[in-house]
Amino acid sequence: MLSTSQSAIDFEQAKKIIPGGVNSPVRAFKSVGGTPRFIAKAHGAYIEDVDGNRYIDYVGSWGPMILGHSHPDVLKGIQDTAQSGVSFGAPCELEIALAQQVIAMVPSIEVIRFVNSGTEATMSALRLARGFTGRDKFIKFEGGYHGHADGFLVKAGSGASTFGEPDSAGVPNDYAKLTLTAPFNDLDAVKRLFAENPGEIACIIVEPVPGNTGVMLLNENGFLQALRDLCDAEGALLIFDEVMCGFRVAAGGAQARFGITPDLTCLGKIIGGGLPVGAYGGREDIMRKISPDGPVYQAGTLSGNPLAMRAGLETLKHLQNPAIYADLETKSKRLFEGLLAGCQEAGVAASGNRVGSMFTIFFTQLDQVTCCSDVSNHCDLAFFGKFFNAMLEEGIYLAPSQYEAAFVSAAHSDADIDATLEAAKRALATLTA
Ligand code: HOZ
């Protein structure tokens, strides 16, 4: 058994003064059991806890660390920039540089606004869609997670699903009524919502590669294109929440990978290189409605923070090299298929979904997991918890919830993938003995 005594001490202390001992719920390991590891440092593909245990990390700070932890260029960029000050509350040239870089890489973005988190990005994009269309209702998907602003915490994924509270307390009923939901991959349900709410729906917001109810596949059956067509027919906007999959599944995000153009895109995670950041952008005529150009208000003291801009720039500089994505694809495919093969050899029923370097293995009898209720009703969540803890004991750090994705980084070596597959074999053997 790994010694986790210092993490346990830290957790007890944190619980006294921080809800659940954590500043974001899934980190508390509540649905999988065990002691959350307090992390002391992270380099490349590895994180190390306060007890000195090293893990091969497939969380990657929940997505941002596509180059691996502590990439030397990102660190140097942050250090150099910090010499000139860490926040100005006034415009700086790094904002222009990152804006130009994102616009050059993401097909649909003509104008962009930086904020401080993915939650801010989605919240602001929704307000903009409402302001632009003059409509109040919107459609999201069951198990879709778009941060924690009130209107999105209706049938929400990620921690909300993990803890069985997809509809958060504290969200006013009158407000939640404006949020319409449909299952992933159910086009008829989306059409019904438009039919039942004629001229009232401002937008559809969707993660084009959902990663917050586990990874789901939406493009394979034409679902995303059908959403695009429906929005056009109904005068609604299509918002791609690419906070997780932006720059993850391709240099230009899912929209570049699939060739589908949203009206607005939300970004975060990777564009901050691991520092807190978010952004929303899209068609110029829509984006010009934002204050001070237009009447839709949104602001932020730390928005366009120079350190985050620089960390993002250094990260995107590397992501312009297509070899990175080719390598991520190869490694991720081998890991994903190897894990599924390992389950099959061990007699453990499993299936999975993968797009590029993000994937989820589901413990289920289903051949294919296509929507949130498949996860809630047809996946063995108790077995997931056991597998998660067995892998942790083997030195493999996975997301502590079946409703999340695994992320492979450029820093993961072939040896890391081999070690992970061997660890999974041992873990599965122990669990099925
Ligand atoms: N809920 C986010 C991932 N789906 C972030 C979780 C965290 O940072 O703990």
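Ligands are counted one by one from 1 in listed order, and the atoms in each one are counted from 1 as well. Model, not experiment: these values are computed from the prediction.
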Does any donor atom in the side chain of [X] or [Y] lie under 3.5 Å from an acceptor atom in the other side chain?
{"X": "Asn116", "Y": "Asn305", "answer": "no"}
{"X": "Thr261", "Y": "Gln255", "answer": "no"}
{"X": "Ser357", "Y": "Ser332", "answer": "no"}

Find out whether the Lys NZ or Arg CZ of Lys386 is both under 6.0 angstrom from the six-membered ring centre of Phe388 and within 45° of the ring's axis.
-> no

Pi-cation contact, Tyr46 with Arg54 (under 6.0 Å, within 45°) |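 That pair qualifies as a cation-pi contact.
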
Using 30° and 60° as the class limits, which term best fits the ring planes of Phe387 and Phe363: parallel, tilted or perpendicular?
-> perpendicular

Identify all pairs of nitrogen or oxygen atoms, one from ligand 1 and one from the protein, separated by less than 3.5 Å, and list them with distances.
| unit_1 | atom_1 | unit_2 | atom_2 | d |
| --- | --- | --- | --- | --- |
| ligand 1 | 1 (N) | Ser158 | OG | 2.7 |
| ligand 1 | 4 (N) | Ser158 | OG | 3.0 |
| ligand 1 | 4 (N) | Asn212 | OD1 | 2.5 |
| ligand 1 | 4 (N) | Glu404 | OE1 | 2.8 |
| ligand 1 | 4 (N) | Glu404 | OE2 | 3.4 |
| ligand 1 | 8 (O) | Arg27 | NE | 3.3 |
| ligand 1 | 8 (O) | Arg27 | NH2 | 2.8 |
| ligand 1 | 8 (O) | Trp62 | NE1 | 3.3 |
| ligand 1 | 9 (O) | Ser24 | OG | 3.1 |
| ligand 1 | 9 (O) | Arg27 | NE | 2.7 |
| ligand 1 | 9 (O) | Trp62 | NE1 | 3.3 |

